[in-house]
Amino acid sequence: MSYAYEVLQQVIARNPGEPEYHQAVKEVLESLEPLLNVRRDYQKAGILERIVEPERQIIFRVPWVDDQGRVQVNRGFRVEFNSAIGPYKGGLRFHPSVYLGIIKFLGFEQIFKNSLTGTPIGGGKGGSDFDPKGRSDGEVMRFCQSFMTELYRHIGPNTDVPAGDIGVGAREIGYMFGQYKRIKNVFEGVLTGKGLTYGGSLVRKEATGYGLVYLVNEMLTDNNRSLEGSTVVISGSGNVAIYAAEKAVQLGAKVVTMSDSNGYIYDADGINLDTVKLIKEVNRGRISEYINSHPKAEYFPGCNGIWSIPCDIALPCATQNELDSEGARLLIKNGCMAVGEGANMPTTSEAIEILKTGNVLFAPAKAANAGGVATSALEMSQNSIRLSWSFEEVDMKLKEIMVSIYKNISDTAKEYGCDGDLIAGANIAGFIKVADAMLAQGIV
Ligand code: NDP
Ligand code: 2IT
């Protein structure tokens, strides 16, 4: 029995009822085999046993009062997973599906993603089972204030720096920042994704989507393909999806779909992003409203059908396990040449195997969506030096980071005998830096 397999069995036994966490750990540990065969020192130092156990897990009550005067109680989480290479860093997710297993899968992925960015940030994640959908601004504010009233004591600009994720955007970050500052009486860069008037970085809003397309573009170029003239299917219509679509169009592609948890739109002429931004960013509406102003477009209820739309490139940008084996088969059948993961773990393990067999180029989330957190690290740098860089400057740094992530993961895949397997390349490259830092710091 291999070291990685043994640790995986321990993880499954010790963390019952957390299938998403098991899935994330399995994918990483399996792909580390070629590295662990040559680096026996990792086993001696118990690196795997330690890296799969969060350094700290915080679970807390979040009481608040809704607009009808009723008391509501949600559950808050912050999992401080690994601080070997920097302060814990990672988003907060507000979604009714949130439970400890989701936060742990996201926090675990974040360790390696953050390492790949080349910036000094550790891995963490948090959130709540609070559902912002249909809640008034006042309710969201009271929830965020209550959430931060507990969270503030665990975080800090050199300790743990949260940001956004599903259900947490500029509005929520603003309310949480205000409450943190009020409690601590310190103006400091404790959150990223802040508004531009109070310490936010230009390009942070666009960064995950732009970064995804920069990385996919590198992967295509490296394989003598091009984004220009291609047809792109994007799922989701949130922060990542919108700015992935914007950059894909800027680079000459046509984006024909977007979705939310109710259904998807198909616009053969190319999605009008101004309409999507108005519906989603301004009105917080549903993607189905798109057809009201674009009658030639079609709306289909349900999420899975989106992968039946013929495309050259698919960018899942909504949520975990949204692209399953049936979706993968449909993509291949329709001639899809590349998949880039904008969301975290959007592709099921079975679907990944099918895409591999079908020779579809595959950019894994840890690398492909790292532009968001990389730009968060740039926001932290700007906060530390009390300066703001221009849009062009941050965008250029983001692009450089994505290009170097691609080079790092494809070189690493080659070095460990799995040429072209960017999943293995990303997992191994992300892991080595963290593992070596852990080795150097002793058994802690
Ligand atoms: P948003 O909240 O802005 O948007 C999420 C989108 O995904 C919405 O369109 C939402 O639809 C849809 N969605 C959410 N949950 C589900 C579900 N269970 N089934 C179907 N659709 C769903 O989030 P982001 O765009 O920020 O995040 C999207 C993904 O990208 C997540 O996996 C996140 O972890 C990942 N990510 C985000 C980064 C960031 O910087 N924001 C950085 C790196 C990764 P609806 O409105 O109906 O819920
Ligand atoms: O999954 C992610 O990388 C994020 N949600 C962004 C985290 C961050 O700290 O910017």
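Because the structure is a prediction, the values reported are computed rather than measured.
Counting only distance, with no hydrogens or angles, the side chain of D129 and the backbone of N74 share no donor-acceptor pair below 3.5 Å. Put simply, the side chain of S259 gets close to the backbone of G236: a donor and an acceptor are under 3.5 Å apart. A donor-acceptor contact shorter than 3.5 Å is absent between the side chain of K113 and the backbone of A370. A donor-acceptor distance shorter than 3.5 angstrom exists from the side chain of K280 to the backbone of G285, with no hydrogens or angles considered. Panel note: side chain D260, backbone I287; a donor-acceptor pair is recorded below 3.5 Å. For the pair E172 (side chain) and G169 (backbone), a donor-acceptor distance under 3.5 Å is present. Remark: the backbone N or O of V62 is not paired with any side-chain donor or acceptor of S146 at under 3.5 angstrom. Of the possible polar contacts, one joining the N369 side chain to the A343 backbone as a donor-acceptor pair under 3.5 Å is found. Judged purely by atom type and a 3.5 angstrom limit, R56 has no side-chain atom pairing as donor or acceptor with the backbone of E80. Under a 3.5 Å cut-off, the side chain of T208 and the backbone N or O of G371 do not form any donor-acceptor pair.
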- After noting the C-alpha distance and the side-chain angles of H294 and I265, does the key distance pass the side-chain contact (heavy atoms from CB on, under 4.5 Å) rule? CA-CA 10 Å; H294 300 273; I265 48 164; over 6 Å; no
- Item | Derivation and outcome, side-chain contact (heavy atoms from CB on, under 4.5 Å), residues E218 and K407 | CA-CA 9 Å; E218 282 299 299; K407 186 168 179 342; over 6 Å; no
- With side-chain contact (heavy atoms from CB on, under 4.5 Å) as the test, would you mind laying out the steps for L331 and L323 before giving the verdict? CA-CA 10 Å; L331 287 175; L323 171 52; 4.0 Å; yes
- Query: Should Q250 and V213 be marked as a side-chain contact (heavy atoms from CB on, under 4.5 Å) after you check the CA-CA gap, both sets of side-chain angles, and the distance that decides it?
  - Reply: CA-CA 10 Å; Q250 282 173 14; V213 175; over 6 Å; no
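When all heavy atoms of P162 and L151 are compared, the pair lying nearest together is CG-CD2, 4.2 Å. When all heavy atoms are compared, the tightest approach of I306 to Y264 is N-CE2, 3.3 Å. The nearest pair of heavy atoms linking S237 to I242 is O-CD1, 3.5 Å. When all heavy atoms of A365 and P346 are compared, the pair lying nearest together is CB-CD, 4.5 Å. Nearest heavy-atom pair, A314 versus P316, reported as atom, atom and distance to 0.1 Å: O-CD, 3.5 Å. Between A367 and M402, the closest heavy-atom pair is O-CE, 3.4 Å.
Shown are L116, I111, I51; of these, the side chain to side chain contact (heavy atoms under 4.5 Å, CB included) with F431 is made only by I51.
Residue D324 holds its CG atom at 6.0 Å from OG1 of T348, rounded to the nearest 0.5 Å. Within the model, atoms CD of Q57 and CD of E55 stand 11.0 Å from one another, a figure rounded to the nearest 0.5 Å. One finds the OG atom of S288 at 13.0 Å from the OH atom of Y290 (value rounded to the nearest 0.5 Å). The NZ atom of K125 lies 5.0 Å from the CG atom of L106; values are rounded to the nearest 0.5 Å. We find the CG-CG distance between N15 and L100 to be 8.0 Å, quoted to the nearest 0.5 Å. Between W307 atom CH2 and L330 atom CG the span is 11.0 Å, to the nearest 0.5 Å.
W389 is not listed as a side-chain neighbour of M396, based on a closest heavy-atom distance of 4.5 Å or more. For the pair Y416/S31, no side-chain contact is recorded, criterion being any heavy-atom separation below 4.5 Å from C-beta on. M345 is listed as a side-chain neighbour of F105, based on a closest heavy-atom distance under 4.5 Å. In this structure the side chain of K366 reaches within 4.5 angstrom of the side chain of E27, judged on heavy atoms. For the pair L36/L48, a side-chain contact is recorded, criterion being any heavy-atom separation below 4.5 Å from C-beta on. Counting heavy atoms from C-beta on, the side chains of S261 and H95 never come closer than 4.5 Å. M219 is not listed as a side-chain neighbour of I409, based on a closest heavy-atom distance of 4.5 Å or more. Between Y243 and K205, some side-chain heavy-atom pair lies under the 4.5 Å cut-off.
Using cut-offs of 30° and 60° on the angle between ring planes, the pair W64 and F130 is perpendicular. Ring geometry for F94 against F147 counts as perpendicular: the plane angle is over 60°, on a 0 to 90° scale with 30° as the lower cut.
For NZ of K399, the number of neighbouring non-hydrogen atoms (other residues, nucleotides, ligands) closer than 6.0 Å is 12 at most. Counting heavy atoms of neighbouring residues, nucleotides and ligands inside a 6.0 Å radius, atom CZ of R75 does not exceed 12 of them. For Y5, the OH atom is loosely surrounded, since the number of other residues' heavy atoms within 6.0 Å does not exceed 12. Counting non-hydrogen atoms of other residues, nucleotides and ligands closer than 6.0 Å to CD of E326 gives a total of 12 or fewer.
One side chain, S136 or D67, offers a donor N or O that lies under 3.5 Å from an acceptor on the other. N383 and K194 share a donor-acceptor pair across their side chains, judged by distance under 3.5 Å alone. A donor-acceptor contact under 3.5 angstrom links the side chains of N321 and Q23, judged on distance only. Side-chain atoms of S404 and N408 form no donor-acceptor pair, as typed in the model, at a separation below 3.5 Å. Between the side chains of Y210 and D395, no donor-acceptor pair of N or O atoms lies under 3.5 Å. Side chains of S230 and D312: no donor on one and acceptor on the other come within 3.5 Å.
Using a cut-off of 4.0 Å between Lys/Arg side-chain N and Asp/Glu carboxylate O, D267 and K254 are scored as not salt-bridged. Between E30 and K26, at least one side-chain N (NZ, or NE/NH1/NH2) sits under 4.0 Å from a carboxylate O, which counts as a salt bridge.
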